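Labels below follow one simple rule: chain letters A, B, ... track the order of the sequence lines, proteins then strands, and each chain is numbered from 1. A quick note: this is a predicted structure, and the numbers were derived from the prediction, not measured.
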Protein chains: 2
Amino acid sequence: MSSKPKTRTVPEETIYSDAPSAALHPLLSVDTIIFSVIGGRLNVLLVKRAFIPGKELSYPFQGKWALVGGLLDTKRDASLEDAALRRLLEKTNLRSPYLEQLQSFGNALRDPRKWAATVVYFALIAAEGLQLQSGTSVEEVRWWPIDDAVKLKLAFDHSHILEVALHRLRSKVEYTTLPANLLPAEFTLSELQAIYEIILGRSLDKSSFRKRVLSADFVDEARNVRKGPNRPAQLYRIKPGRNAVVFPRTFYS
Amino acid sequence: MSSKPKTRTVPEETIYSDAPSAALHPLLSVDTIIFSVIGGRLNVLLVKRAFIPGKELSYPFQGKWALVGGLLDTKRDASLEDAALRRLLEKTNLRSPYLEQLQSFGNALRDPRKWAATVVYFALIAAEGLQLQSGTSVEEVRWWPIDDAVKLKLAFDHSHILEVALHRLRSKVEYTTLPANLLPAEFTLSELQAIYEIILGRSLDKSSFRKRVLSADFVDEARNVRKGPNRPAQLYRIKPGRNAVVFPRTFYS
DNA sequence: GGAATAGTGTCTATTAGACAGTATGTC
DNA sequence: GACATACTGTCTAATAGACACTATTCC
């Protein structure tokens, strides 16, 4: 996904701008919010910022929990999304199959060092069998149940960003098939329904849920069934290229 | 809305980063896409980049049409949104009552000078009675009918950005009350329906449209009526704080 | 009264939700 | 057969769309 930038770089002083001081660049970073459902609860992936004694001014919020991210590196990142994927991999050893852009945040005060902007991505992934691993400048990586995470005082304005992401997630659950990404490639409709119920925080009628999902035409029957101590359940998989279909209505009840 | 940044600025060389070359900053700009319905057609506001002889390298795409925007100025802009509003005012003399963030775009190749990212906002406004005025580095400002605008080769990746914005607009029209922002403060339901029909490119049933809008509870009856050579029409205004209500269903027909 | 647009009433088709009932596996 | 969960069928209520009808103004 990465490729070497090919731009000719014009020396900064010569870049024409109608602003008086274009050389006063802001910092630009990327952050990624990864959600997963683990043990029946919605979780978010956070990293604890390393302690680097003597660098408190230039590396703030030491020891604080934060979203996964970091400064953009124009030498190594071909695009914003590349940057987010690279940071995710570097800091947590995780590869996300896709990223959706949430929003950008930028102002003079969110970073104690200087004017800073961040482009935030988010993704839903199946947590099963993932190998997390603390990477660069990270003391610890772990999943936080969402109810605990929102009570933390995260680094920078990350608590605020998390709230925005949660709001977006909850609203998208109402009318899209996005949450299917929280499951492994093959899943049963009951498993999918459980995911919806966890995120929405209320139960849904089985019959309408199935009608809704099947008529949205975004899953294919898989070959196999899920065995258990009861009637086996048909497995489904997301149709290729359909990972966020929009339902024509929201859930009622 | 602007306030003076209060951050203490740490010299760049001392900013700790886990990236090897944090000093290689990308350019950060903001761009704004303003839509309006004029003469029964959807229009977008574009500016023509000035000719500045001898500055072709440092000020690219001279003479090309572009979205309204420019580099961020950390001295003058307290936030990304402030920056977008300031550029809009500077370059076109327009004040937008609100801005919605569309998306950010950033990669190594979209700007010939260097790695560049832009945070893009969009807004729908009522065009009537607006005084456009070409500002800084702008040779011309004007409304372009959308069908013509998409055929232009805009500066940078602005043609691509315009397509993304159009897609977002058309999809939001299906299930939100956003298009009401294209009308002046007071409007009739017939006028609102006409706006929806223009953007959707198809006609809607009057009865269902009215039921839908009124039951969404986002307009209040105004005092006045709109007079004409026929039965006068009730005027409505958007309820305070309700400028983008979501309908529980999309339009069918 | 005629023209024109505003606004309403009624019927139908669709469908979400409720909920009971049936199906199919394990033990 | 008991059980557990998968899956389906039927009824009801809500409502979007179609479309005809009425209302109110200017001329």
Under the 3.5 angstrom rule, does the side chain of A:Gln103 hit a backbone N or O of B:Gln103 as a donor-acceptor pair?
no

How long is the line joining [atom1] of [X] and [atom2] of [N], in whole Å?
X: B:Tyr196; N: D:dA16; atom1: OH; atom2: P; result: 14 Å
X: A:Asn224; N: C:dG25; atom1: CG; atom2: C1'; result: 16 Å
X: A:Leu200; N: C:dA16; atom1: CG; atom2: C1'; result: 15 Å
X: B:Phe247; N: D:dA16; atom1: CZ; atom2: P; result: 10 Å
X: A:Phe209; N: D:dT5; atom1: CZ; atom2: P; result: 18 Å
X: B:Arg249; N: D:dA13; atom1: CZ; atom2: C1'; result: 11 Å
X: B:Tyr236; N: C:dA6; atom1: OH; atom2: P; result: 12 Å
X: B:Arg226; N: D:dT24; atom1: CZ; atom2: C1'; result: 17 Å

Restricting both atoms to N or O, compile the protein contacts to nucleotides 9-13 of chain C shorter than 3.5 Å, with distance only.
from, atom 1, to, atom 2, distance (Å)
C:dG9, O6, B:Ser207, OG, 2.8

Nucleotide nearest [X] when distance is taken to its side chain, options [options]:
X: A:Asn230; options: D:dT15, C:dG25, D:dT25; result: C:dG25
X: A:Arg210; options: C:dT15, C:dG25, D:dC7; result: D:dC7
X: A:Gln234; options: D:dC7, D:dT15, C:dA4; result: D:dC7

State which residues pass side chain to side chain donor-acceptor pair (under 3.5 Å) with A:Glu191; sequence neighbours excluded, sorted by chain then number.
A:Arg226

What residues, two or more places apart in sequence or in another chain, satisfy side chain to side chain donor-acceptor pair (under 3.5 Å) together with B:Lys239?
B:Asp217

At 4.0 Å (heavy atoms only), tell me whether A:Lys206 reaches a base, stays on the sugar-phosphate, or touches nothing.
base

May I ask you to decide if the ring planes of A:Trp65 and A:Trp144 are parallel, tilted or perpendicular, using 30° and 60° as cut-offs?
perpendicular

Would you please classify the geometry between the A:Phe35 ring and the A:Phe122 ring as parallel, tilted or perpendicular, with 30° and 60° separating the classes?
perpendicular

How close do A:Arg110 and A:Phe156 get, heavy atom to heavy atom, and via which atoms?
O-CD2, 3.5 Å

Could you say whether B:Pro229 or B:Leu235 is positioned toward the 5' end of DNA chain C, judged by the nucleotide with the nearest heavy atom to each?
B:Pro229

Toward the 5' end of DNA chain C, which comes first, A:Arg231 or A:Ser208, by nearest nucleotide?
A:Ser208

One pair to check against side chain to side chain contact (heavy atoms under 4.5 Å, CB included): B:Glu140 and B:Arg142. What are the steps and the verdict?
CA-CA 7 Å; B:Glu140 194 181 345; B:Arg142 80 168 180 88; 3.9 Å; yes

